[in-house]
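Here the structure is laid out as structure tokens; the discussion comes afterwards.
Everything numeric in this text was worked out from a predicted model, so none of it was measured. Convention: sequence-line order gives letters A, B, ...; per-chain numbering from 1.
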Amino acid sequence: MTIFVFCIALFLIGLYAIVTKRNLIKIVIGFALIEYSVNLLFALIGFRRGALAPIITKVHTTHNFVDPIPQALVLTAIVIALGTTAVMLAIALRIYERYKTFDISKIKRLKG
Amino acid sequence: MSIIPLYFTIPLITAFIIPLLGKISKSLVWIVTTIVSFALFILALYGVTLTQETSMIVYKMGNWPPPLGIVMAFDSFSALMVLVISIIVFTGCFFSLRYIAHYTGQWKFYTLYMLITAGMMGIAITGDLFNMFVFLEIAAISSYCLVAFGVDAEELEASFKYMVMGEIGGLTFLLAIALLYARTSTLNLADISNTIQGNGMNSFFWMILGMLLFAFSIKAALVPFHTWLPDAHPAAPAPVSSLLSGIFIKVLGIYTTARIVYNIFGLTRANAPTFFNLLIGLGLLSIAWAGLTALKQKDYKRLLGYSTVSQIGYIMIGFGIGNYYGVAGAVFYILAHALGKGLLFLTSGAVVHRAGTRELDKLAGLGESMSTTAWSFRFGALSLIGLPPLVGFFAKLFIVLGAIKAGLLWLAIIAIGLSVLTLAYLLKIENNVFMKKGKMAGLKKAPFTMRIAMVFLVIVMLLTGLGFQTLMNFIVGPAAHALLRGFEYAQLVFGSFALNF
């Protein structure tokens, strides 16, 4: 149970970084932290102490197996996280070309 | 063979064929995209006829039975969403030929456009929670790129802002999926629904519902979480603004909320009055706050962006009322607002294309020179305000009827009263741009393809308004019943199989 709480804590640390940091790259790092925490949570949900890898053969049918579904989900989630992080960094770099800064307090042409 | 998976496989395959065609010819890409989106429209109409016969069509991916494999669950509400998506996608695609002519890399635009379509179609028909997340991210990532498509400073800034908000929503959704999986050991929506029905709503499920509501409120831009929308939607190219405001936020925010609240968690006004009042509260806050802010805007598209936030509030109120009339009104409003706001954003595109500016003060005199655009704007605006016999009137009428039937007379009065705000901010555009005489009077008409797209939407709007009784009987009514079915959703999904394992 404690370990789940730590995952949520990691999630909140990422959220804190997104909300308070003023550097675009640090905001992206905040997102990376959140993504790690959710993926870790998924992996821990599937974990069973002393269980085998979920490759079912005739020899081991009496054993416990690790839940394989969260592992498949984590793989998908990692790919999606890669996509969002890449787009985010690409746009952050384009913003740097236009504004010559990563500081969000200076990037504020939109208002109203 | 089932046609259900075709709704998202066709745009997905097209999206990856377009880069190859883009090397050959620019206009070929547009022709292919238009044909594909028209084919989707025909398929969507066929899907509506299918749901008349069977209330739930289930497609098993890879032939795995429901709790194990991913299923596509297609009922009347999905059919309606698919139909609305295909209409807006088709008109936007037709419109975009001349609008994006000055951008480089046009095939990239159409690839992203088809990806966003695939994502939205997928959300509307999926019966699996994680699958829903994947489609949501496909649609969301494409929309971040499309908002930044012009790569001007403002567009990039809007896109980053949108991405930060949108991803917080998306990742909260993922966290909620993880926690829900930990408790129920399943990702199938129908199976989750069964588990919740078995256990009853306990505090854990309320927490999950809260997280989901937070995530979807960001996607739907309800008022405390709306700050990205008035930046992001105006920054996108006009056909994309029309798509994003018209249908994107409704699929990602409203459809998902309605489906999960009604069918998965099985809530009704009777067993969760506080939650439904919360939905009404969020709706009222959106209407009032965004409506008042819209009055102050000086930018054509930004005003329409705030207007979208405000109109989404009406849909939320309809779902919050929770009886048949309220839900039918909300579903009707999804259709009405998609047509109306889609049309208004297309007119903004035509204006920007010819005049080159979006400042309301500088646009005087367009009423004479761009008469088709002006009349399209008037039809769209009147529909949104709720003038009979246009479609927007019937949507508002049903929401008000629902409020009265639920004994919320004050809500009915406030909802009618707040539509004065809609009138006020849309009149501001009408007065400044189309009524006033000014130096823009000598401009050329909007290009032919743009006019065709706008007139098509006006015709659809008139037809849906005049034939509202037919629409109510065959599309909107069944969609409302599909939602109000509650836990029966799960039985219908499982009922179409003999469970033999």
Would you mind checking which part of [X] comes under 4.5 Å of any heavy atom in chain B, side chain (CB onward), backbone (N, CA, C, O), both or neither?
X     : value
A:I18 : side chain
A:F4  : neither
A:I27 : side chain

If we define contacts as heavy-atom pairs under 4.5 Å, which of [options] has the most with chain B?
options                    : answer
A:I8, A:V79, A:I104, A:I69 : A:I69
A:I80, A:L73, A:L15, A:I45 : A:L73
A:L44, A:I34, A:T84, A:L41 : A:T84

ask   = By a 4.5 Å heavy-atom criterion (distance strictly below it), what part of B:E137 contacts chain A: side chain, backbone, both, or neither?
value =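 Interface part for B:E137: side chain.
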message = What part of B:A178 gets within 4.5 angstrom of chain A, counting heavy atoms only: side chain, backbone, both, or neither?
response =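 Both backbone and side chain.
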ask   = If you tally heavy-atom pairs under 4.5 Å against chain A, which of B:I177, B:L175, B:L179, B:I138 wins?
value =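 Top option by heavy-atom pairs under 4.5 Å: B:L175.
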message = For the interface with chain A, which of B:I141, B:D299, B:T172, B:V151 has the highest count of heavy-atom pairs at distances below 4.5 Å?
response =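 Heavy-atom pair counts peak at B:V151.
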Does a sphere of radius 6.0 Å around [atom1] in [X] hold more than 12 heavy atoms from other residues, nucleotides or ligands, not counting ones at 6.0 Å or beyond?
X      : atom1 : result
B:F214 : CZ    : yes
B:K428 : NZ    : yes
A:Y16  : OH    : no

request  = In plain terms, say whether A:R98 and B:D152 are close enough for a salt bridge, that is, a side-chain N and a carboxylate O under 4.0 Å apart.
outcome  =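 No.
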message = Tell me if a side-chain donor or acceptor on B:T126 pairs with a main-chain N or O of B:I123 at a distance below 3.5 Å.
response =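 Flag not set: sc B:T126 to bb B:I123 has no pair under 3.5 Å.
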key: Plane angle bin for B:Y110 and B:Y113 - parallel if under 30°, tilted between 30 and 60°, otherwise perpendicular   =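 Because their plane-to-plane angle is over 60°, the rings of B:Y113 and B:Y110 count as perpendicular.
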inquiry  = Quick check on side chain to side chain donor-acceptor pair (under 3.5 Å): which of B:S348, B:S241, B:S245 does B:K301 satisfy it with?
reply    =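 Testing each of B:S348, B:S241, B:S245 against B:K301, the sole residue satisfying side chain to side chain donor-acceptor pair (under 3.5 Å) is B:S241.
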